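A quick write-up on the structure given underneath.
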Amino acid sequence: MTTVPKPVPVPVQLGLPRRLVEFALDDEPVRVPEGSTILDACEAVGKDIPTLCYGDTLTPKNACRVCVVEVEGARTLAPACSRKAEPGMTVRTDTERARHSRKIVLELLASSVDLSTTPHVAGWIREYGAEPDRFGPDAATVADRAPKVDNDLYVRDYGKCIMCYKCVDACGDQWQNTFAIAVAGRGFDNTISVEHDAPLTDSACVYCGNCIEVCPTGALSFKTEFDMREAGTWDEDAQTEATTICAYCGVGCNLTLHVQDNEIVKVTSPHDNPVTHGNLCIKGRFGFQHVQNRD
Amino acid sequence: MDLHFADAKPTDEERDAVDGYLGPPESGWEGGERTEADLRWARGGHAARDRRDLLLPALHAVNDRIGWISEGALDYVCRRLTIPPAEGYGVATFYAMFSVNPRPARVVHVCTDLACAARGSRALVAALEDRLGPAGAARDGAVWQPSPCLGLCERAPAALVIQAGTAPGSGPSDAGQAEYATAVVAPATAEGVVAAAHAPQAAPAEPQAAEAVPQAGDPGLVLLRRIGIVDPADLDDYRANGGYTALRHAFALGPSGVIREVLDAGLVGRGGAAFPTGRKWEATARQPERTHYLVCNADESEPGTFKDRVLMEGDPYALVEAMTIAGYAVGAHRGFIYLRGEYPRALHRLNHAINQTRARGLLGENVLGQGYAFDIEIRRGAGAYICGEETAIFNSIEGQRGEPRSKPPFPVEKGLFGKPTAVNNVETLVNVLPILERGAAAYAATGTEGSTGTKLFCVSGTVSRPGIYELPFGATLRELMDLAGPPESLRAVLLGGAAGGFVRPDELDIPLTFEGTRAAGTTLGSGVVLALDDSVELPRILLRIAEFFRDESCGQCVPCRVGTVRQEEALHRIADRTGAAAATDIALLREVGQAMRDASICGLGQTAWNAVESAIDRLGAYE
């Protein structure tokens, strides 16, 4: 997996500067611009809160609940990724209650989904003492779903999907406005699907790959990455990353080329790029073969 | 929006069903014949997309006519409404009453939920398996399936037959398709269900709603006083029995005066959360942003709850009048009734009542000549308990998947269509009538300080007189049970429904008030009082509760989506175990339950573990 550069929160100042909100975070006073979330505040002071469904380029969906924190006076825990900081609120990020919920969420996910390609999660499972195996060998899981390989560009391996909704949001009105995929079904049986569960090639998909860019688990991956993982040749440590400018048109999107053994194996785009915010089109994302066509 | 469609085409009947609801398409852009003119003019933008809220009714139109939703039909609906087909598919597959796979025109929903389980649904299901084949298998033009609570608990066990077909009264179609029909079979016998499954039109008529009210005619009744007394189809009869005096009072008081009365009366919501109604209305009315909406939550789906159905079937004009008052108070000109899809008679009665009141100027541009415009639209649910959650109901009406939204923002700020919205349960709204008729002080004189007025209780299970009872707040559970005729060997009472909690037979002196039940560590919830005698296998009941929540979880957040599955698995494992053999799994249930309560997005996940926990802690299940 690539390491996406940590986004630098650069507030775009329009008119008057935003007021600051002061509240107590783990018994320390913090001040953040109005409209910031608890997660923003945690990042500003260097507190590490686990997140899965949170995307730095998307509106928080707060579906995974792994970032929950305790807000004094509230009946339930609050998702740090979307709860806005309010003046005078008292937030604790590391209470037993919050840690318990995070641990259970990790256990529920790790026991029902293949998290083998999800960055950071193995560390969190250790940190929170999660034991996904305790639900027994018969625990229902989606990890056995077969990967959907129906086109030459990318693979949808829904056995790895935690239903974070990020691909749907990136495909829909938050970025691409293609609306090729949506959540279908209900409850534990829900999936990300095109209409009538058709192959991607029969859908509205334009192969921008912006869903891959936001996928937190590797459920969506380049066909190149999927094939190399199958063959056992995928080696992130041996990869280099080079950020350049896409040569196809005049927009000037940044491409980050992931290179292994002198072959481009994957293309991403920096999330803090003011042009792309991590988004590309099919040409920038997948049109790299000519670079390495040596015939 | 640049939509992409596959080549699937609707059949003539499907097209007819959709056009029958939406009207004929205006151009090739929305699914009509493509003409020369279409090439020089594009229909799109907000005007085309703003009809998304018609998606659910359009899907109903197809399902009512054909019995299921084919690729061609779904694509046609999406073309007509400019909806991406992936999203249309996501919505159609969210609801249990819809199928995107072929199935017979006649579907039999057989309730296997708590109240019916206590009254023999297992034997019924076994008999149906013999006579109709296994659940889900089509035979002789019909298919049966187990169903969550159908809200017919006083007549348990219950079944509902829905026959897809042409509009009632329009006769069979050219292709020979019969008319749409529904039949409620309750109490259900295998013979009755089989007969109705093959000819729902010929099924015996349902008993009157008043049959569900053992106290009917008692002069002490407030909310139920007209049930069994007035003809629910007759507006004049309603008016002759005190109808529309409350609305006249409301106009005399003005919107803020109405809110003041409701605040002073101490009315709190009857849907389960017990939030002060007046505060909700005041907060909605105060929002400077227009338009304001009123939503009546009639998606009564909590297992064991049927009070709203009886109110809507027995006294439908009361709800129409109460909604008019609520709309006036909060500054709304449009009200929606979100009615659960499994209530055909309530739908019929409310439709009739709304048409009558509209024709008589009690709804419409100028209500009672007072210059206030208000109208009501009914939206049918399609089999999703979660849509009774106050924000999921908005998504469902808007044509999105019925998933709850994050709060804040709260509905009073951003509700239906992103506008300030007051959302109230049926029983809550109907309480507004006696408040305005008698005055806040007189209303509040009944009940206790913390719980004013009267409360409807849905009594079911092993009692001799199940039904809806109305008692002043403060009566004890024992008094209620005595009215209903308790079983000789009471094992437990489930208070508040599947999201509520069990109490023991030695706890019958709990006062039935919000504060009294809270102090006793339980809840009134939606007013469910389900009595279980000692013939009931408790682990089986608990498993049914867990199965219910697993089925009804929308799947949005992890604690609920996976947590409900893990809880059901654990309850399966210990179904025949006790003591030390169950201890590990009970610890697991507690840990998962705590995270569900703390970290789920909405009330469904937060309360899904309540009843099972109370059975372990209070009843000593698995000991």
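Because the structure is a prediction, the values reported are computed rather than measured. Naming: A, B, ... by sequence-line order, numbering from 1 per chain.
Residue Ala570(B) does not touch chain A at all, counting heavy-atom pairs closer than 4.5 Å. In this structure, chain A has heavy atoms under 4.5 Å from both the backbone and the side chain of Glu552(B). With a 4.5 Å cut-off on non-hydrogen atoms, Asp189(A) does not touch chain B at all.
No donor-acceptor pair closer than 3.5 Å links the side chain of Arg75(A) to the backbone N or O of Asp598(B). Here the side chain of Arg566(B) pairs a donor or acceptor atom with the backbone of Ser111(A) at under 3.5 angstrom. Looking at Asn190(A), its side chain does come within 3.5 Å of a backbone N or O of Gly555(B) through a donor-acceptor pair. The closest donor-acceptor contact from the side chain of Glu569(B) to the backbone of Ala140(A) lies under 3.5 Å. Side-chain N or O atoms of Arg561(B) include none that pairs as donor or acceptor with a backbone N or O of Gly187(A) at under 3.5 Å. Judged purely by atom type and a 3.5 angstrom limit, Arg186(A) uses its side chain to pair as donor or acceptor with the backbone of Asp551(B).
Listed by first and then second residue, the ring pair (Phe, Tyr, Trp, His ring centres under 6.0 Å) pairs that reach into residues 583-607 of chain B come to none, sequence neighbours excluded.
Distance NE2/His196(A) to OG/Ser70(B): 8.0 Å, rounded to 0.5 Å. We find the CG-CZ distance between Leu588(B) and Phe135(A) to be 5.0 Å, quoted to the nearest 0.5 Å. Taken to the nearest 0.5 Å, the CG atom of Asp202(A) stands 7.5 Å off from the NE2 atom of His4(B). Rounding to the nearest 0.5 Å places SG of Cys164(A) at 12.0 Å from CD of Gln556(B). Between atom CD of residue Glu87(B) and atom CG of residue Asp173(A) there is a gap of 7.5 Å, rounded to the nearest 0.5 Å.
Heavy-atom pairs under 4.5 Å with chain B peak, among Ala204(A), Ala182(A), Gly185(A), at Gly185(A).
Annotation: Lys84(A), atom NZ; neighbour count of heavy atoms from other residues, nucleotides and ligands within 6.0 Å does not exceed 12.
Nearest approach of Arg65(A) to Cys557(B), heavy atoms of both residues: CG-CB, 3.9 Å.
Comment: Glu591(B) engages Arg134(A) in a salt bridge, judged by a side-chain N to carboxylate O separation of less than 4.0 angstrom.
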